[in-house]
Asker: 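My questions will all concern the structure given below.
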Amino acid sequence: MMTQRENPFDDIPGTTLFDAEHSRKGYHLNMFCMSLMKPENRAAFKADEPTYLDRWPMTPQQRDAVLKRDWNRMLELGGNIYYTSKLGATDGLSFQALAAKMSGMTQEAYVEMMRSGGRGIEGNRSKSEWRDG
Amino acid sequence: MARIVAGVATSHIPAVGAALDNGRTTESYWQPVFAGYEFSKKWIADLAPDVIIEVYNDHATAFSLDIIPTFAIGCAPEFPIADEGWGPRRVPPVVGHPELAWHIAQSTILDEFDMTIVNNMAVDHGLTVPLSLMYGQPKAWPAPVIPLAVNVVQYPPPTGNRCYNLGKAIRKAVESYPEDLRVVVFGTGGMSHQLQGPRAGLINAEFDNAFLDELIADPAHLAQRPHIEYVREAGSEAIELVMWLIMRGALDDRAKEVYRYYHVPASNTAVGHLILENPGLPQQRIAETRIEYGMPQLDEQPEDVADEVVV
């Protein structure tokens, strides 16, 4: 039996490492997103989202996160940003628009933050520095 | 014989490609980014390399979670431009160099780097944006390109040290190719950026500039940096920077910086760009370009002094 080892990446706040565990958990979610690279699949998805999602054996939680466009929840459930961004593109959302949503900012505030040099590293290295972890 | 004459490092931000393709390069937001490559366009036109080996990563375009090669070398005669969900970029198809690519594949595999050989692959912004930044908008790319795709999406990507050593194996491969070809190696991606989750938008200019310094001066030490430092200090997607170590490994230890550019932001990302030249390049034309751009001249071979001390 494998023992649970402490993963130092877990201490980085607001960040999901796309490791083996996430990849296994998120395979069908990500491959659903990958299917949206084809225009005919995008059209079928837009026409009837729940029926289109039946093609992928996702968990009810993953399905729910997709339908609600809960971008951070998708990442927690095994999604990877390069895949979920394809769902974003289907909705007409740029990487920047998604980044704003995932960090809980308006796009205007996010763009302004980036113009001012981006989110600083001070206070963003460890979960112990984030009030809510 | 073929030889590597120079290296180029650059970010490969998709929004930069979109700005160029949509004629927005003179907008105040984008103007500084493109201005940062004006010298580079002149430099590469002067140098006119015969082949480019471009190290980049595929962003869930040609590869998905079905097959995840750590290192994949494109051996095809041509690589179509991928549709990444917005229609393919309107740039010329990428012409390969199958003879040299196969030679590198064979040489590196026998050197114990287990390369994946790819004969059919669309290329995404990771490969095309650096070409656009360096060459602008030509009707055809002026040089054939050998794509070398590195997995940096699925953890773990290769270590910095593995990348650095692969660069050395690539140099050995190129130098054992009989035809006289002048090769430039591109290392792409980075610099600090995080595209995902509540910490999205992270930028660490101090980290980035220290990385540039160490990449030039002490790459063997930089190659020992563990993945977690990239992710924690410079964002989850900054791990792409390990690809720059492949370029650096392919160059001479004494390679010199001829140009550097750093700018924040382009969309979510810090733009970093570096040009390194191997010793022995005909310096005359390069020097003229430097004068034209008002840049400081290179030192007169300071390494000779160091050599004398050692010997």
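Letters A, B, ... mirror the listed sequences (proteins, then strands); counts begin at 1.
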Asker: If you count heavy-atom pairs under 4.5 Å between each of A:M114, A:K38, A:R115 and chain B, which one has the most?
Answerer: A:M114
Asker: Given that the side chain runs from C-beta out, which part of A:L75 has a heavy atom under 4.5 Å from chain B: side chain, backbone, both or neither?
Answerer: side chain
Asker: Looking only at side chains, do B:E84 and B:H59 share a donor and an acceptor under 3.5 Å apart?
Answerer: no
Asker: Heavy-atom distance under 4.5 Å to chain B: side chain of A:M34, backbone, both or neither?
Answerer: side chain
Asker: Chain A: which of B:G87, B:P265, B:P14 shares the most heavy-atom pairs with it under 4.5 Å?
Answerer: B:P265
Asker: Under 4.5 Å from any heavy atom of chain A, what part of B:E206 do you find: side chain, backbone, both or neither?
Answerer: neither
Asker: Who wins among B:I203, B:V231, B:V264 for the most heavy-atom pairs under 4.5 Å with chain A?
Answerer: B:I203
Asker: Looking only at heavy atoms, what is the nearest atom pair of A:R119 and A:S103, with distance?
Answerer: NH2-CB, 3.1 Å
Asker: Between chain B and each of A:D19, A:T15, A:T16, A:D11, count heavy-atom pairs under 4.5 Å; write down the option with the most.
Answerer: A:T15
Asker: For A:N124, is it the side chain, the backbone, both or neither that has a heavy atom under 4.5 Å from a heavy atom of chain B?
Answerer: both
Asker: Do B:S236 and B:R199 have a side chain donor and acceptor closer than 3.5 Å?
Answerer: no
Asker: Taking the basic N atoms (NZ, or NE/NH1/NH2) and the acidic carboxylate oxygens, is any pair closer than 4.0 Å for A:D54 and A:R63?
Answerer: yes
Asker: Between A:K46 and A:T90, which heavy-atom pair has the shortest distance, and what is it?
Answerer: CE-O, 3.2 Å
Asker: Measure distances from B:S192 to the heavy atoms of chain A and classify the residue's part below 4.5 Å as side chain, backbone, both or neither.
Answerer: neither
Asker: Are the ring centres of A:F18 and B:Y155 closer than 6.0 Å?
Answerer: no
Asker: Tell me, for A:N80 versus chain B, whether the close heavy atoms (under 4.5 Å) come from the side chain, the backbone, both or neither.
Answerer: side chain
Asker: So for B:N204, is it side chain, backbone, both, or neither that comes closer than 4.5 Å to the heavy atoms of chain A?
Answerer: side chain
Asker: Heavy-atom distance under 4.5 Å to chain A: side chain of B:A205, backbone, both or neither?
Answerer: neither
Asker: Answer yes when B:R260 and B:D213 have at least one side-chain N-carboxylate O distance shorter than 4.0 Å, and no when they do not.
Answerer: yes
Asker: Quick check, are the ring centers of B:Y56 and B:H12 under 6.0 angstrom apart?
Answerer: no
